[in-house]
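Heads up, the thing below is written out as structure tokens.
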Amino acid sequence: FSNNSADTWFRDIMFDCVLCPRACHVNRLAGQTGYCGQTAELMAARASLHYWEEPCISGTSGSGTVFFSGCNLRCVFCQNHNIALGKAGRVIAPEHLAEIFLQLQEQGANNINLVTPTHFLPQIVIALGQAKQQGLHLPIVYNTGSYESPEALRHLEGLVDIYLPDFKYFDTALSAKYSHAPDYPAVAKAVIAEMVRQTGAAVFENGEDSLMKRGTIVRHLILPGCTKDSKAVLKYLHETYENQIYISIMHQFTPLSNVKKYPELNRKITDREYDEVIDFAIDIGI
């Protein structure tokens, strides 16, 4: 995927954006915004070493994270609400993004971690190509909510080493209610299949207790009162991929002020809920 073809794809997709399943068809080159709230100008909210990802991602030196502004999901319980709405961050050129990648590498990052990158995928492809030509050699982590286009993800083959997708819901009613995306479960299944096709089985630096160099880790955040759905997600992932992927079962749901319209989400999950999901995972062989 040459720089010229990346530039052409960037212009084509930004002119009539169908980059994600929302397929807004807006002209982002002209300053129009779709569901993600972003124009063709690349906008990032934060770039730093991050120590609180999965241990095989952060290690002890930290993951070189870049948080992109905007989001094509904007879940009602989002922990980064201002970033998701595009209210935090500043515009940078792809050339500057390439420089940021190299700076994080110089700071000792274990990898480059692209957080919520979906709506800027063409710009990121250009920046990664430039950075790799300038000496970037770290594994690239694509950290996403999984509301992606499998066709768009194919442009990342050979550029991304580790996929870190969510599988948020199995129930379409839940995905419609909390992420305004009734097709989310079907989309996530297709997206994760493409990711696993690209990465294959996980590869670690020195055994499973060390840093991941290649592979797919699927995250699932347990929601209050949704243990049945969590079990459905885990059952599907295990039956489909067995030990090809790793699964990160997360219990840190935190109620925020913006979930007042959803009183069922206005609490943390209980120890009993968490234990129930973990026991289920163990019972089915995860």
Side-chain angles (χ1 to χ4, degrees), residues 46-68 97 100-118 121 124-125 127-129 131-132 135-146 148 150 153-168 188-222 233-234 236-252 278 281-282 285-286:
R46 184 186 179 199
S48 65
L49 294 177
H50 187 51
Y51 299 91
W52 301 282
E53 301 286 36
E54 283 73 7
C56 60
I57 299 295
S58 287
T60 57
S61 301
S63 178
T65 52
V66 180
F67 289 81
F68 295 96
L97 181 60
I100 290 172
F101 293 157
L102 293 168
Q103 288 168 1
L104 289 168
Q105 179 171 271
E106 290 175 5
Q107 292 170 23
N110 292 315
N111 43 59
I112 300 298
N113 190 344
L114 310 168
V115 184
T116 320
T118 310
L121 195 151
I124 290 169
V125 167
L128 282 174
K132 285 176 180 285
L136 180 66
H137 57 77
L138 296 177
I140 306 301
V141 181
Y142 194 83
N143 187 336
T144 170
S146 289
E148 306 267 354
L153 287 180
R154 292 188 188 112
H155 291 280
L156 293 171
E157 189 162 6
L159 288 174
V160 167
D161 304 282
I162 299 167
Y163 281 104
L164 192 56
D166 293 331
F167 198 139
K168 295 178 183 288
K189 289 177 183 178
V191 162
I192 292 169
E194 172 61 21
M195 293 173 175
V196 176
R197 184 195 70 78
Q198 288 186 25
T199 67
V203 176
F204 293 86
E205 195 171 61
N206 294 299
E208 290 185 352
D209 292 330
S210 63
L211 293 171
M212 180 178 276
K213 292 299 183 183
R214 188 171 182 83
T216 300
I217 302 175
V218 182
R219 289 171 161 173
H220 175 70
L221 176 66
I222 304 170
V233 168
L234 298 179
Y236 168 79
L237 290 173
H238 185 60
E239 289 182 348
T240 306
Y241 299 106
E242 295 184 335
N243 294 326
Q244 279 187 286
I245 65 170
Y246 281 74
I247 300 173
S248 179
I249 303 172
M250 304 189 296
H251 73 285
Q252 64 263 45
I278 294 298
I282 294 169
I286 294 177

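All values reported here derive from a predicted model rather than from experimental measurement.
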Backbone of [Y] reached by a side-chain donor or acceptor of [X] within 3.5 Å:
X	Y	value
S248	V218	no
Q105	G135	yes
N111	L138	no
R219	P165	no
S58	H50	yes
T116	F68	no

(request) Mark yes or no: K213 above the aromatic ring of F204, with NZ or CZ under 6.0 Å from the six-membered ring centre and no more than 45 degrees from the axis. (result)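 Verdict for F204: no cation-pi partner in K213.
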(request) Could you verify whether a donor N or O on one side chain and an acceptor N or O on the other, from Y142 and Q198, lie under 3.5 Å apart? (result)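 No, because no side-chain N or O of Y142 sits under 3.5 Å from a partner of the opposite role on Q198.
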(request) Could you tell me whether the side chains of N113 and S63 share a donor-acceptor contact shorter than 3.5 Å? (result)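 Their side chains do contain a donor-acceptor pair, which is all the 3.5 Å distance test asks for.
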Of all heavy-atom pairs between [X] and [Y], which one has the smallest distance, and what is that distance?
X	Y	answer
T65	E53	CG2-OE2, 4.2 Å
S146	V191	O-CG2, 3.8 Å
N110	P139	O-CD, 3.5 Å
S61	L49	O-CD1, 3.8 Å

(message) How about CD on Q252, more than 12 heavy atoms from neighbouring residues, nucleotides or ligands closer than 6.0 Å, or not?
(response)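 Yes, the 6.0 Å shell around CD holds more than 12 heavy atoms from other groups.
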(message) Walk me through whether L128 and L136 qualify under side-chain contact (heavy atoms from CB on, under 4.5 Å).
(response) CA-CA 8 Å; L128 282 174; L136 180 66; 4.2 Å; yes
(request) Please name all residues satisfying salt bridge (Lys or Arg N to Asp or Glu O under 4.0 Å) with E239, sequence neighbours left out, ordered by chain then number. (result)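 Once residues adjacent in sequence are excluded, the partners of E239 under the salt bridge (Lys or Arg N to Asp or Glu O under 4.0 Å) criterion are K235.
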(request) Taking the six-membered ring for Trp and the full ring for Phe, Tyr or His, determine whether the centres of Y246 and Y241 are under 6.0 Å apart. (result)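 Aromatic pair excluded; centres sit 6.0 Å or further apart.
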(request) Check the pair L114 / V141 against side-chain contact (heavy atoms from CB on, under 4.5 Å), numbers first and verdict last. (result) CA-CA 6 Å; L114 310 168; V141 181; over 6 Å; no
(message) Could you tell me if the side chain of I162 sits less than 4.5 Å from the side chain of T199, heavy atoms only?
(response)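 No, side chains not in contact.
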(message) Are T144 and D166 packed together at the side-chain level, in the sense that at least one heavy-atom pair is separated by less than 4.5 angstrom?
(response)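 Of all side-chain heavy-atom pairs linking D166 with T144, none is under 4.5 Å.
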(message) Let's go through E194 and R154 carefully: what are the C-alpha distance in whole Å and the side-chain angles of both, what is the deciding distance for side-chain contact (heavy atoms from CB on, under 4.5 Å) to 0.1 Å, and is it a yes or a no?
(response) CA-CA 8 Å; E194 172 61 21; R154 292 188 188 112; 3.3 Å; yes
